[in-house]
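Report on the structure given below.
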Amino acid sequence: MSAAGEQAAALLRSLRGSTLDGVGDPVRIRAIEQLEGGWSRHSYVATVEDADGSTRRLIVRVRPEDTVLDSDLETEFRTYLALADEPLATPRVYSYEPARETPFGGPFFTMEFRSGAAANVWRAPDRAELEADWNGDRAIATDFVDQLASLHQVPTGPLDGVLETRDFAASVDRWQELYERVRVVRDPIVDEAYAWVRDRVPTPVAPALVHGDYRIGNCLVDRGRISAVIDWELAYVGDPRFDLGYLSQPYETGKFTRPGSALLGAVADREWLFARYEQRTGAAVDREVVRTYTALGALMLIAIMSVGVRVYADGGTDDIRMAWSRFVFPGLRQDLAGLMDW
Amino acid sequence: MFNALRTDELLLGIARILRRAAASEGPLDGFERSLALSATSVARLLASEQRALPGIETETRRRLDLALAADARPLAVASRAQIAQAPDAAALGEVLTALLADLPRPDPLRSAVQGALRWMADAEVAALAAGPEGVPA
């Protein structure tokens with residue numbers, strides 16, 4: 001059997017073995033195509049034929065062996081499952097295959113296909129499209145902040161046993177421990193930034209669902225509206241202001257070696273976004289706390305990308321994108337120096 | 001400057017992608033194309049870095065030496081000697097991390113070292129932005 005045939009057979013077995021809502025009655029996989037992108041997960045779009053002859057598309061999300069982040073795929077699957085009935089634009093999941101050896105190169109789960117495309121803020125045309133939204137009816141900008149406000153208000157009870165609860169210190173520990181484990185060289189700016197962040201313990205707030213990687217690139221946009229919030233692999237229960245800090249990074253405006261958009265997250269004016277968030281959640285946004293979490297967000301990115309660099313350096317993968325991420329570090333280092341007022 | 005993966009390791013990675021693309025039958029799919037584009041990007045960024053890095057390292061060392069020379073404390077004197085002997089940027093990073101960890105907060109020398117590192121961070125990003133042709137952003 002061809003590789004594609006084996007993938008189709010594995011996918012069909014997974015779907016037919018599931019009893020989750022929406023899984024349907026699949027009889028044949030007509031096509032499977034790997035999607036561009038995907039660092040810690042590989043994604044495929046599959047065309048499925050049901051018993052009644054109708055066809056539909058679904059997404060196969062795979063955790064490859066050489067992933068940049070050792071995050072648990074089952075946790076991500078269960079997060080989607082727990083959020084299915086919340087007022088959030090999250091796709092439904094249909095099945096989960098835990099086996100490490102599959103024709104997709106790792107465990108996978110299947111989920112609903114949502115129309116739309118994720119903006120890549122490092123591409124000028126995508127930034128221009130988002131700026132046009134901001135200068136126009138602001139539908140994407142409004143959806144973007146409203147989805148964030150909604151996810152921060154999801155009751156955390158149903159997430160008990162699904163997601164880890166992490167306070168400020170535990171969040172810093174998580175990324176620093178990972179960084180120390182995988183770093184290839186010693187970077188004095190990164191080390192100083194960890195010390196700076198640890199000196200700025202925010203006043204605690206009630207724990208909430210944190211997406212952990214909330215940015216426009218993890219939202220699908222369809223005809224000028226956000227149709228899905230995806231990539232929940234870094235979600236946890238903790239301080240929701242992490243998401244605000246993370247999306248406040250210059251990197252998330254599309255900055256790489258040159259400045260990106262003037263808009264926060266390439267989506268909206270900073271003060272407008274914070275004001276709307278405050279209005280939707282009733283929680284004041286402390287700009288200094290956001291600054292602390294912006295630095296932690298940059299440190300998180302450095303830690304995660306350092307995993308890819310380490311795996312590449314050790315010969316664990318020949319995926320050149322892992323090596324490429326090493327060129328992201330200078331910009332993040334510059335951002336950290338700026339945040340610390342050096 | 002404090003960057004992982006040496007030039008030879010990156011060049012070999014680019015070569016692997018080129019070989020794979022050359023051996024591919026038919027057009028590249030989306031995933032293969034993204035790898036090929038990443039390899040192109042790595043090549044350009046590496047060329048930009050190679051063009052600028054010697055100058056950035058020299059100037060960073062000069063600024064650090066100036067800061068340390070103005071401080072007579074034993075820690076500063078020892079660090080100055082260690083920096084002079086550090087054979088490469090990786091070794092320099094080790095010395096600076098140890099120095100900053102031992103300096104009080106706040107401290108004039110700490111601020112001066114941070115200033116030198118800030119200059120280095122800005123210069124490195126500017127060099128990458130200028131591209132292998134060296135055209136300022």
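First the proteins, then the strands, lettered A, B, ... as listed; each starts at 1.
- For the set B:Asn3, B:Leu96, B:Asp122, B:Leu128, the count of heavy-atom pairs under 4.5 angstrom toward chain A peaks at B:Asn3.
- Taking chain B as the reference chain and counting heavy-atom pairs below 4.5 Å, the highest number among A:Arg183, A:Glu192, A:Glu33 is found for A:Glu192.
- With a 4.5 angstrom heavy-atom cutoff, B:Leu99 does not touch chain A via any of its atoms.
- A:Ser306 places a side-chain heavy atom less than 4.5 Å from the side chain of A:Phe329.
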Does the salt bridge (charged side-chain N to carboxylate O under 4.0 Å, His left out) test come out yes or no for B:Glu59 and B:Arg63, once each step is laid out? CA-CA 6 Å; B:Glu59 177 60 15; B:Arg63 287 171 182 246; 2.8 Å; yes
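- Proximity to chain A is limited to the side chain of B:Met120, based on heavy atoms less than 4.5 angstrom apart.
- Using a 4.5 Å cut-off between heavy atoms, B:Glu32 does not touch chain A at all.
- Note: A:Arg186 leads A:Arg310, A:Met340, A:Arg186 in heavy-atom pairs under 4.5 Å with chain B.
- Of the two parts of B:Arg44, neither the backbone nor the side chain holds a non-hydrogen atom closer than 4.5 Å to a non-hydrogen atom of chain A.
- Between the side chains of A:Trp324 and B:Ser38, no donor-acceptor pair of N or O atoms lies under 3.5 Å.
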Which is it for A:Val328 and A:Leu301 under the side-chain contact (heavy atoms from CB on, under 4.5 Å) test, yes or no, and what are the steps along the way? CA-CA 9 Å; A:Val328 179; A:Leu301 286 177; over 6 Å; no
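- Heavy-atom pairs under 4.5 Å with chain A peak, among B:Asp29, B:Ile14, B:Leu100, at B:Leu100.
- Side-chain contact between A:Pro259 and A:Thr253 is absent, with no heavy atoms from C-beta onward closer than 4.5 Å.
- Ranked by non-hydrogen atom pairs under 4.5 Å with chain A, the options B:Leu10, B:Val95, B:Val113, B:Leu92 are led by B:Leu10.
- A donor and an acceptor atom, one from each side chain of B:Thr7 and B:Gln50, are located under 3.5 Å apart.
- Residue B:Arg19 places its CZ atom among 12 or fewer non-hydrogen atoms of other residues, nucleotides or ligands, all under 6.0 Å distant.
- Contact of B:Arg20 with chain A is made through the side chain alone, with heavy-atom distances under 4.5 Å.
- Surrounding CZ of A:Arg57 are at most 12 heavy atoms belonging to other residues, nucleotides or ligands under 6.0 Å away.
- Using a 4.5 Å cut-off between heavy atoms, B:Arg6 makes no contact with chain A at all.
- Proximity to chain B involves both the backbone and the side chain of A:Phe327, based on heavy atoms less than 4.5 angstrom apart.
- At a 4.5 Å heavy-atom cutoff, the contact between A:Asp187 and chain B is made by backbone and side-chain atoms alike.
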